Each structure stands twice: as structure tokens, then as C-alpha cells.
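Here you go, one structure.
Given the structure is predicted, the values throughout are model-derived calculations rather than measurements. Every chain is numbered from 1, with letters handed out A, B, ... down the list of sequences.
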Amino acid sequence: MENIMLPKPHKILAVLKETNAEYTFRVAYNQPIDYNQFFQLSIPKVGEAPISVSGKGQGYVDFTIRKIGRLTEGIFGLQKDDTLFMRGPYGNSFPVADFENKNLVVIAGGTGIAPVRPLLNHFVQHPEICQNVYFMAGFKNLDAVIYADELPKFASAFQTTYCLDTEAAPGFRQGFVTEYIQNVPFADFDDYNIAIVGPPIMMAAAAKACLQEGAAPEKIWVSFERRMSCAIGKCGHCKINDTYVCLDGPVFNYTKARNLFD
Amino acid sequence: MTTAKLMANRKAFYQLLARLYEKELSPKFIQQLAHLTYPTAEQNPQMQAGYQQLKAYFAQQPLAEMADDLASDYAKTFLGAGETKGNAAFPYESVYTSDEKLVLQAAWENVTKIYRANGLVMATEMADIKEDHIAMELKFMAHLCDVAEPDLAQQTTFLNEHLLNWTPQFLEDVQTYSRTNFYQGVALLTAGFLAEDAKILATLQRPTATTQSFKLTNAAFDQLLAKWQQRYHVYAPTFTTNRNAKQQPMVRFGAVTQLADIVYDRQSDFSAKEIYYPIMQTLFYFNENNVTESTLDDDKDFLIFMHPCDINALKRTDTIFMHNGAPDSYYQRLREKVKIVMMICTESYENCFCVSMQTNQTDHYNLALEFKTDHVVMAVKDPLFLSDFKHQPTTDFVPTFITKNKGQAHLPKIQNQAQAQLAGHLDYWQTFNDRCISCGGCNTVCPTCTCFDTTDIIYDETSLDGERRRVWSSCMLDSFTMTAGGNRVRKTPGDNMRFKTMHKVYDYKQRFSTENMCVGCGRCTQQCPKDISFLDTINGFHDAFNQAKNETVVK
Ligand code: SF4
Ligand code: SF4
Ligand code: FES
């Protein structure tokens, strides 16, 4: 029987600095990965953590990891050519085939931008797939802006709204990203999808704002972030009601997500 | 007939029936059917009549026209095509079990969950029929007959709760709407077969005459235990040197070598779970570049003395580890060693409510026994053990089960999503905030709790050599849902109590469409330092839910 808890060694190809607190680990990998999937990364001296794929390309996969205390500290001791143990990919993905020929609204809060980054890049390269892409991203302040060098690229390909919660800065609006959802012309769309990623409170607020603007619940997709220990339906940490986020998610249609309570 | 042969025959018949309903029949398949020899002396009158109809059809209709003729009757009967538009025998369970007569209702969700729990998903090329189509339900029965150790109880449940729950009406409708003798015959054959199969399953599960029982003196029993030590690790509830929450000597499952070691006059503090799912387990060893899987110390099997509740609990842990996503090899490698000696209960312990949870009985054991004052009576179900009893006198002992506990659990009847929301948001849950101290003890002693944490142990701070372990975890701990960033989704002891309780008596059953998770062993009640009775918790939930439901209706 296959041992599904056993991680495999992968070589680190590069470590790239994103912000003062966030680094991207580029790891050798050449199997297919769906949008919004994640891996269980072994964090040296600590254990495992679920980390979303923040980019992919020929022969590699990117993970953007935030320095948050002891839990991720261990990984920052690793550098190029070191070995990283991981298993995956896990989880479902956004229904990308359904996005074709429709408008797409992507609303990301903070590091929530990492898991949708591969999808955004895909649509930059293939502008013919969707009608209009509306990309809205909110960060706490200027220091917290990740993938800063990619934001202009997204701005030229999509209708973008970038905001900072607590600061004013050129190119950014001030306030929560959810406050700007009212600017999305939902009434003019013949068909659309909405993808929301970010911290739980931000996702709930964003979904609510979309509904207020008349969006239909079944058009909204949210991606859950949960504590996970196994990612394979055994450890119980990710369970909400009768749903296991690691097996049934992390992406849920809002018609399902709104029924899950913690 | 051997069991294997019987299973193969039942499987073949289920498959044949499934094929008949799945889609229109090909000319080649019809030809094969036309050339079959049909039994003339079938015991079941409906099946007999069914065969007659088929024979009549093949006798009347020219072979060349059959495919078209049957295709048009199939469309008319099952798809509602042609003159009966809208009126048809739609072959979906949810059409027959939902008030609105719609597809994709609760029954569909249910069977989908059952298939998933058995590791099955429907092939995409079957996209035009749904999981609760009669063909799929028949195929699922065929699948259940086709496994190494067929689970007869599961077959019975599925047959009764799914196929037999709607097909009688459906098959009558088939007879109303079909115009060929062929589909008339198929309907009769199906009805007769399903009824017959229910009988077969019932017979198979009756304790068989091959179960032999023996009477052993206490000394002979001790000799047997000594003998078993060579082949097995023999485990039973036994005293440890520790004390439990109530300051009594703690009883846990451990190695026993003599009758006197076995404690059976009270519920053990821990369950048998720790034998096949240890508190702490090393998964693998690693260094900077490699991982090496851990191995087991020896290849001896486990012989565990368990009560029916714990035996039933095994099925719950099996579901999580083997059927919720891909199977877990660490669980499997210990689980497959387990052989069971069922200790029958003659009276219920203080906190038991197994009867309410329907876990007071089981047929899943290798041997069963009852301790009498000066002797032991044992029933040997697994022939593998018969040779151990060669010189023992036989007796007429048949395992019995208790039918009454001191306490009864009343489970709330949650019927839909709105009611589940209501149940989850009762103020009742927050009354536990002042009582529960989030110690997690209740999870630790529970035979059905499976949650764990994984942690890495590094041997020496300067290297990356170490091992990954998994250790039991507990959803009652305040850290259970805490993420790296310090957020918790469930924030109070009351939230945790709601989560645990609903998982034990609602969510698990919702997901796997089987039984409830809790087996009513009462250990969590016995363990709780704050005297929170889980039975009272369930019953309080029931009352609070009913009250809230009535208030909502009145509003
Ligand atoms: S929840 Fe309590 S009564 Fe139910 S199986 Fe677990 S320990 Fe036993
Ligand atoms: S219910 Fe009792 S045993 Fe369980 S966590 Fe609370 S205090 Fe501990
Ligand atoms: S992360 Fe372990 S069950 Fe989902």
C-alpha cells in the first residue's frame, strides 16, 4: 500500500525575497498542478504546514512563505540547492473551465494573492479566455504589498483596484478592498464568476459586499485557509460540519460555504 | 454452496440487473439474453413469473426487431418519451423518496456519500445518469459482494435503506408504463430477486451451526491464554499503576497473561483504540536528504478482548483512516493484525448508552466469551481457533447482548440545512463555557476519536536528523484550530463542545451515511474532571434543539 504520509525530497532552486516578511521558495517539480492547490511542506525542526502554490513554470513550483514565529522560522534557514521535503499537490481548484468567455472578478486580501497568482498570470498570457478580469487586491500597508513588481503587469491586463488598509500611496486607494466592490459593474455583466481569497473575515465581508451588489451566491467561489496537519482527511483539524477542507476544498462555491459554521 | 460462490452468484445477478436498467440494450446483448436457459423451477413466485414473461417475449418477437422494439419501450418506460410524456417510472431513488418527486435530492446525496465512503466515484462516461439511479445502486451491491471479506451488515443496510426503500413502487410503475413482456418481466425479476436477497442476507447473518461453544475451567482458560502468547500479543482491559480522574486505579488495554489480569467488572478508562492506533507513533526517520519509513517491532497479530461497543468503534476508525480519502498505511498495518475476542456484557456499566447508539451488538468477532464465576464459556466463530479447543467440553453458549442501559440518549432529528444551522447556533452550547476546562480528556478516552497532530523531533539542534511522529490530538483543546498566524476558528469551550457533540451524533453520519460516530461507551463521562456527562450533553442538545425549532415555527 502506498504510504501517503511520506514526503519526498525536492531541490530548492532559488529563494526570492518578496517583502521583509515574505520569501518565495522556488522548488524543482515537474508534475501537473491545478490552480489553487497546495502542498504539505516539511518545515525543518517543526513539522509540516500546508502552503499554497504561488507560481509554477517549466520544472518548478513556487511557494511564498511568511515569517510567522516559530512555525515557519525553520524554513528560512534553507537556501538554494538545499533539500525541501514535501508531499502533494492537494485540494481542488477553481473551476477554471467555467470561467471561459465570462467576466471574472478576483478579490484578494493580503497574502491571499499568492494562491491566485498562477491563475492571474495564466489570464495575462491568455487574454482571450475570459471577457474582462477585475482584479482587486487589498494590503495592510505599503510594506505588506507582495509581488509589487507584478502589480503593473496585472494593471495593464486587467481592471485593477489596489488598496491599502491604513495608508495612502500612489497607485493605491485607501481603505478596505471590500469597500470598492461596489465599483464592479455587476449589472452590466451577462455572465461572471467571483473568486475570493484571503483571511476569513475579509472573505466573509467580500462575499457579503458582492451579494449586496446583486451578485448571485452560486457565482461566488471562496478558498478556505485552515489549520491542517495531514491534508488527507485523517487528522481532523480542517473539519467543518461534515466537510473536510483538505479533501472537499479548499475551494467552495458560496452556496456550500455559507452553510459551513465554526 | 460456499460463501465465495454465493457472493459471486449474487454479484453476477446484480450486475445483470444493473445492465438491464442502465441504458438501452444492444442487439448482441439481446441475443445473449434470448439464448439463455431460464430456470423452470424458481422458488420465488415473482422471479418465476418474471422468467415466464421474458420467455414469452423472446418467443413472440422476431429477433431482428427486438433492439428497436426494446429501445422504444425503454425510452417510454424510463425516460417518459412518447405518449406517456411526463408519466414514467423514473429510475431514481430521489424521485421516489422526495416530496417534490425530484432528482438530486437527499437520497442522491446519501448514496453518493456511501459510494465515496467505499472509495467509489462514478466514472465520467456515465455522466448522463446519477448515483441514485437503480443501475448504480444495483452495481454498488455487486461491488459489495465482490470484496475479499464481504460486509454483510453493510449489504443489508444498503439493500434495506436504499433499494428496498423505493423500488417496490418503482417496479410497479415499470409494470404500468412498459408495454413489452420484456420489461414487465425485468420488473418482476428485480422485485423477486431483491426480496429473495434480503432473505439470503438475513440467513447468512444468523449465528451459524458451525459456531461451536466450549466450557473452560478457569485453569483451562489460563492455559489457553498462555498458549496464545506464542502466537499473539494478547490484550485486555487491565489495571495500571496510575489513577484516573476519579482517583480509582486506571484500567487500560494492556498485555494479559492470566484470567486474573482481566478487568471486566467496570468500563476501562481508555478504549482498545490505543492498541491499533497508538497514542504516539513514529512515521518515519529523516536526515538532510532522505526519509526512511518506520517499521514494526514484530509480526505477531493482536488478540484483543473487547466489548461490543469497542468492536463497533473499530468500524468508525476504519471509516476515517481507510475510507476518508486515500487509505492510511500506518493504521492499516496495525489494524490488519487485530483479532477479536468479544467479551459479552451481562449488565450495562454505569455510564453506558450503547443501546441508544445501536452499538450493543455485533457479529464482528473471532471468538466470544462470558466470564462465569468458576469457568468461562466461549463461542468459536473463526475456525482458525477451533484447534485450540480440541479437548474442551462443548456447551450451548450463544453470545447475547444487553438490550437496556440505565440511560437513554435522545438524538435530535435534524432534517435539513436550516435545522443544522439552528442546531449549531443554539445558546445551549455556550453554557459549557463555565463548565468545560478544555482538557481534552474526553477525546483521549474515546474509542472513536481519531484526530492527531504531527510533530518533528530533532535529535540534536545542530543537525537535521530526526523523526516525524503523530500523536493523538483533541478537538476540545483551545489550540486545535489555531493557525500559524494565531487565529482560531472555534474560540470558546462551548464552540468546541458543539463541534465534538455534533461530530459524534450528527456530522459523521451525515458525511458517511452510515451510523453515528459515538458508540455510547460512556468513557468520556467517566473521565471528565468537571463531571460533564456526555449523555446529558446529548439529551440537553436534543431538548434545546426541539425548543428552538418550535420557537422558530411559531415566529
Ligand atoms: S463520545 Fe463518549 S460515549 Fe461516545 S464513543 Fe466517545 S467516549 Fe464513548
Ligand atoms: S468535557 Fe470534560 S473531559 Fe472534555 S475537555 Fe471539557 S472538561 Fe475536559
Ligand atoms: S488536514 Fe487533516 S483531515 Fe484535513
Problem - 4.5 Å side-chain heavy-atom contact, B:Val489 and A:Arg227 - result: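 No. Closest side-chain heavy atoms not under 4.5 Å.
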
Handout entry: Least distance between heavy atoms, B:Met476 atom then B:Ser438 atom
Key = O-CB, 3.3 Å

Exercise for the section: Can you tell which part of B:Asn287 gets under 4.5 Å to a heavy atom of chain A, answering side chain, backbone, both or neither? Expected result: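 Contact with chain A is through the backbone of B:Asn287 alone.
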
Exercise for the section: Using non-hydrogen atoms and a 4.5 Å limit, figure out which bit of B:Ile320 sits close to chain A: side chain, backbone, both or neither. Expected result: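 For B:Ile320, the contact with chain A is made by backbone and side chain together.
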
Problem - Proximal component of B:Tyr331, with respect to chain A [non-hydrogen, under 4.5 Å] - result: neither

Practice task
Look only at the side chain of A:Trp221 and the backbone of A:Ser93, and say whether a donor-acceptor pair between them is shorter than 3.5 Å.
Solution key: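 Absent.
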
Exercise for the section: Can you check whether anything in residues 235-257 of chain A gets within less than 4.5 Å of chain B, heavy-atom wise, and list it by number? Expected result: A:Cys235, A:Gly236, A:His237, A:Lys239, A:Asn241, A:Asp242, A:Thr243, A:Tyr244, A:Leu247, A:Asp248

Exercise for the section: Below 4.5 Å from any heavy atom of chain A, which atoms of B:Ser473 appear? Answer side chain, backbone, both or neither. Expected result: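 Only the side chain of B:Ser473 comes within 4.5 Å of chain A.
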
Exercise for the section: Look at B:Gln510, B:His503, B:Arg490 and state which one has the largest set of heavy-atom pairs under 4.5 Å with chain A. Expected result: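 If we count pairs closer than 4.5 Å to chain A, B:His503 comes out on top.
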
Problem - chain A contact via B:Ser463 - side chain, backbone, both or neither, heavy atoms under 4.5 Å - result: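 B:Ser463 touches chain A through backbone heavy atoms alone.
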
Practice task
Would you kindly check if the NZ (Lys) or CZ (Arg) of B:Lys337 is within the cone defined by 45 degrees around the ring axis of B:Tyr276 and under 6.0 Å from the six-membered ring centre?
Solution key: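 Here B:Lys337 fails the 6.0 Å and 45° test against B:Tyr276.
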
Handout entry: Pair B:Thr448-B:Lys504, side-chain donor/acceptor within less than 3.5 Å
Key =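 A pair is found: one side chain offers a donor N or O, the other an acceptor, under 3.5 Å apart.
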
Problem - Main-chain N/O of A:Thr24 paired to A:Thr64 side chain as donor or acceptor, under 3.5 Å - result: no

Handout entry: Engaged part of B:Phe452 at the chain A interface, taking heavy atoms whose separation is under 4.5 Å
Key =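 For B:Phe452, backbone and side chain are both near chain A.
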
Problem - Winner by heavy-atom pair count (cut-off under 4.5 Å) against chain B, out of A:Ser42, A:Pro9, A:Pro199 - result: A:Ser42

Handout entry: Residues forming a side-chain contact (heavy atoms from CB on, under 4.5 Å) with A:Lys102, sequence neighbours excluded
Key = A:Asp191, A:Asn193

Problem - Residue pair A:Lys140 / A:Val145, side-chain heavy-atom distance below 4.5 Å - result: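 A:Lys140 does not reach A:Val145 side chain to side chain.
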
Practice task
For A:Glu22 and A:Thr111, test the side chains for any donor-to-acceptor distance below 3.5 angstrom and give the result as yes or no.
Solution key: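 Per modelled atom types, A:Glu22 and A:Thr111 side chains form no pair under 3.5 Å.
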
Handout entry: Heavy-atom proximity to chain B below 4.5 Å, by part of A:Pro200
Key = neither

Handout entry: Backbone of B:Leu120 reached by a side-chain donor or acceptor of B:Asn118 within 3.5 Å
Key = no

Exercise for the section: Quick one: which of B:Cys475, B:Cys449, B:Ala418, B:Gly325 has the most heavy-atom pairs under 4.5 Å with chain A, could you say? Expected result: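 Most heavy-atom pairs under 4.5 Å with chain A: B:Gly325.
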
Exercise for the section: Please state whether the side chain, the backbone, both or neither of B:Gln417 comes within less than 4.5 Å of a heavy atom of chain A. Expected result: side chain

Handout entry: Test: B:Lys113 cationic atom under 6.0 Å from B:Trp108 six-membered ring centre, within 45° of axis
Key = no

Exercise for the section: Give the member of B:Thr455, B:Thr450, B:Asn289, B:Ile457 that has the highest number of heavy-atom pairs under 4.5 Å with chain A. Expected result: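 Of the options given, most contacts go to B:Asn289.
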
Practice task
Measure from NZ or CZ of A:Arg87 to the centre of the six-membered ring of A:Phe39 and say whether it is under 6.0 Å with the direction within 45° of the ring axis.
Solution key: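 So A:Arg87 doesn't make the cation-pi contact.
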
Fill in the blank from the handout: Highest number of heavy-atom pairs under 4.5 Å with chain A among B:Phe284, B:Tyr330, B:Phe480 belongs to B:Phe480

Handout entry: Portion of A:Pro7 that has a non-hydrogen atom of chain B nearer than 4.5 angstrom
Key =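 Both parts, heavy atoms under 4.5 Å.
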
Completion exercise
Tightest non-hydrogen contact, residues B:Arg470 and B:Asp328, listed as NH1-OD2, 2.9 Å

Problem - B:Arg498 versus chain A, the contacting section by heavy-atom distance below 4.5 Å - result: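 The answer is the side chain of B:Arg498.
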
Practice task
Report yes or no: does A:Glu18 contribute a side-chain atom to a donor-acceptor pair with the main-chain N or O of A:Tyr23 at less than 3.5 Å?
Solution key: no

Exercise for the section: For each of A:Thr83, A:Ile232, A:Asn3, tally heavy-atom pairs with chain B at distances under 4.5 Å, and name the one with the top tally. Expected result: A:Asn3

Handout entry: B:Tyr285 side chain to B:Glu293 side chain, donor-acceptor N/O pair below 3.5 angstrom
Key = no

Practice task
Check each atom of A:Arg226 against the heavy atoms of chain B and say whether the ones under 4.5 Å are side chain, backbone, both or neither.
Solution key: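 A:Arg226 touches chain B through backbone and side-chain heavy atoms alike.
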
Exercise for the section: Select one option (side chain, backbone, both, neither) describing which atoms of B:Arg333 are under 4.5 Å from chain A's heavy atoms. Expected result: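 Contact with chain A involves no heavy atom of B:Arg333 at all.
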
